There are 2 protein chains.
Amino acid sequence: MEQLNRKEEIIVTAARLFYEKGYKAISMRDIAAAMDIKAASLYNHIKSKQEILSEIILKVAEEFTVGMECVVAENSSAIKKIEKVIELHIDITVNHSEALAALNNDWMHLEELDLNAFVMMREDYEQNFRKIIKQGIDTGELKPHHPEVILFSILSTLRTLYLWYQKRGKLDVNILKKDMISVLINGIV
Amino acid sequence: MEQLNRKEEIIVTAARLFYEKGYKAISMRDIAAAMDIKAASLYNHIKSKQEILSEIILKVAEEFTVGMECVVAENSSAIKKIEKVIELHIDITVNHSEALAALNNDWMHLEELDLNAFVMMREDYEQNFRKIIKQGIDTGELKPHHPEVILFSILSTLRTLYLWYQKRGKLDVNILKKDMISVLINGIV
DNA sequence: GTCTATAGGATGATAGAC
DNA sequence: GTCTATCATCCTATAGAC
């Protein structure tokens, strides 16, 4: 499958460039130059620039969706579930840190069909997380804060982890998980 | 000063559009259309598209810098200082939520001189925050976590607050401050 | 599978009329 | 202060040679 490998190479290269400057700032010529070929040659492997963006974002979005569904299906405490969500984000960050830039910042440049799919997945994801937090407040595991403040503060940390992980030369994943769980759940005092 | 007002109007309009799609995805024609004039007319008030970006980002970056310097200069506990930093971010978010999108996502499109100024301000800001956290760990106010994990988890929450504040129709600022301080400092359990 | 050439349109910015 | 007209350049994408 020579075809697939080359296509994968385009997607990985593009993800790295999108990570640095964003989808709209990177041209097909830029992607091609980074691979030492000409822009026209890219079209032998991909249909359009949009397709590259779509593959980058939706592949990772589906990993989040599947991961969250596994966590929700568990029969365990809310805190245990939150720990699992944190681990899910760390695992995806470690494996696809560059794709997360596009997912976070360039999703609005998806075309209609993919955009709808993405937005729906993201809303489902947040809704599942919200339910976990409400479960935790109901059972008394979590303090009775406004659930949206808890949801937002954990999720925004996890969503921007890719920025920080790249900068701080790749810590040990298990230490990162332990510290992050401790800070996000138990607080800092 | 009719001139200044028109220029301000351009900057406010551009910030709103950059918030929605990013600097590179918005054209001078888009900005002009949103003001019901033609693109060429913009150049009577501003020098270039770059100048618009620069004004949006650097004005807010300076507010963060000044605010942080005030907090650092205080003679108070680390926790009190962290509370002040949280309040600083909330105040700026409430007053300039749209400019924060450009500051977070489009700073890399600044031209060299402004880019250097911005990066330096951001590094100083993080360094000051880091010192506060280390002070807190040294005095025993904070748990002895890796300081970078604490720094990152608070800062990433505060930096993306603008996204969440826009979506959740403008909560009361004082309640937001109280809840955010409680969640970020005392944790959720 | 890559190339050159090019179509067809968008972009930032300027000149000059009103 | 805004307009029309325009320039030079960039963009995505295609056609067709090799």
Side-chain angles (χ1 to χ4, degrees), chain A residues 1-58 102 105-115, chain B residues 1-58 102 105-115:
Chain A
M1 288 276 200
E2 195 64 29
Q3 178 86 2
L4 252 180
N5 289 337
R6 204 75 171 123
K7 182 171 177 177
E8 272 305 309
E9 199 185 333
I10 292 172
I11 289 169
V12 168
T13 305
R16 178 172 54 79
L17 296 175
F18 295 167
Y19 171 84
E20 288 163 5
K21 298 196 170 182
Y23 174 73
K24 284 284 184 179
I26 295 296
S27 68
M28 295 301 276
R29 284 172 178 84
D30 293 328
I31 298 168
M35 299 175 64
D36 265 315
I37 57 175
K38 298 290 175 184
S41 308
L42 296 172
Y43 290 89
N44 248 285
H45 309 282
I46 49 102
K47 200 177 101 283
S48 64
K49 195 188 174 194
Q50 276 283 338
E51 193 197 4
I52 300 175
L53 183 67
S54 171
E55 295 242 2
I56 293 172
I57 293 180
L58 291 185
N105 303 317
D106 290 320
W107 59 268
M108 73 285 283
H109 301 124
L110 290 169
E111 58 193 348
E112 206 188 347
L113 226 70
D114 292 329
L115 181 63
Chain B
M1 285 281 198
E2 194 66 28
Q3 177 86 7
L4 252 180
N5 289 339
R6 204 74 171 123
K7 183 172 176 177
E8 272 306 308
E9 199 185 334
I10 292 171
I11 289 170
V12 168
T13 304
R16 178 171 56 78
L17 296 175
F18 295 167
Y19 171 85
E20 289 163 5
K21 297 197 172 182
Y23 174 72
K24 284 285 184 179
I26 296 296
S27 69
M28 295 300 277
R29 285 167 178 82
D30 292 330
I31 298 169
M35 299 175 64
D36 265 314
I37 58 176
K38 297 291 173 183
S41 308
L42 296 171
Y43 290 89
N44 249 286
H45 308 282
I46 49 104
K47 200 176 103 280
S48 64
K49 194 188 175 193
Q50 277 283 337
E51 193 197 3
I52 300 176
L53 183 67
S54 172
E55 295 243 1
I56 292 172
I57 293 180
L58 290 184
N105 303 318
D106 290 320
W107 59 268
M108 73 285 281
H109 301 123
L110 290 169
E111 58 193 347
E112 206 188 349
L113 226 69
D114 291 330
L115 180 62

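Quantities reported herein were computed from a predicted structural model and do not represent experimental measurements. So you know, we letter chains A, B, ... as the sequences are listed, proteins then strands, and number each from 1.
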Rounded to the nearest Å, what distance is computed from the [atom1] atom of residue [X] to the [atom2] atom of nucleotide [N]?
X: B/Met28; N: D/dA8; atom1: CE; atom2: P; result: 20 Å
X: A/Leu53; N: D/dC11; atom1: CG; atom2: P; result: 17 Å
X: B/Glu51; N: C/dG12; atom1: CD; atom2: P; result: 15 Å
X: B/Glu111; N: C/dG12; atom1: CD; atom2: C1'; result: 13 Å
X: A/Ile37; N: C/dG1; atom1: CD1; atom2: C1'; result: 9 Å
X: A/Ile46; N: D/dT12; atom1: CD1; atom2: P; result: 10 Å
X: B/Lys21; N: C/dA10; atom1: NZ; atom2: P; result: 14 Å
X: A/Ile52; N: D/dT12; atom1: CD1; atom2: C1'; result: 11 Å

A/Asp36 vs A/Arg29, nearer the 5' end of DNA chain C by closest nucleotide
A/Asp36
Sub-4.5 Å side-chain heavy-atom contact between [X] and [Y]:
X: A/Lys21; Y: A/Asp30; answer: no
X: B/Ile57; Y: B/His109; answer: no
X: A/Lys7; Y: A/Glu55; answer: yes
X: B/Ile52; Y: B/Tyr23; answer: no

Using a 4.0 Å heavy-atom cut-off, does A/Leu42 contact any base of the nucleic acid, only the sugar-phosphate backbone, or nothing at all?
nothing
Taking any heavy-atom pair under 4.0 Å as a contact, classify B/Ile26: base, sugar-phosphate, or nothing.
sugar-phosphate
Checking side-chain contact (heavy atoms from CB on, under 4.5 Å) for the pair A/Ile37/A/Arg6: CA distance, chi angles, key distance, verdict?
CA-CA 12 Å; A/Ile37 57 175; A/Arg6 204 75 171 123; 3.6 Å; yes
Any side-chain N or O of [X] under 4.0 Å from OP1/OP2 of [N]?
X: A/Ser27; N: D/dC11; answer: yes
X: B/Tyr43; N: C/dA13; answer: yes
X: A/Lys38; N: C/dC3; answer: no
X: B/Ser41; N: D/dG1; answer: no

Nearest of D/dT6, D/dC3, C/dC3 to any side-chain atom of B/Ala40?
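Of all the options, the side chain of B/Ala40 is nearest to D/dC3.
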Minimum-distance nucleotide (side-chain atoms of B/Lys49 versus D/dT12, C/dG12, C/dG1)
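Nearest to the side chain of B/Lys49 among the choices is C/dG12.
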Quick check: on DNA chain D, is the nucleotide nearest A/Lys47 upstream (toward 5') of the one nearest A/Ala25, or the reverse? Name the residue that is more 5'.
A/Ala25
What I want to check is whether an N or O donor and acceptor connect the side chain of A/Arg6 with the base of C/dG1 at under 3.5 Å.
no
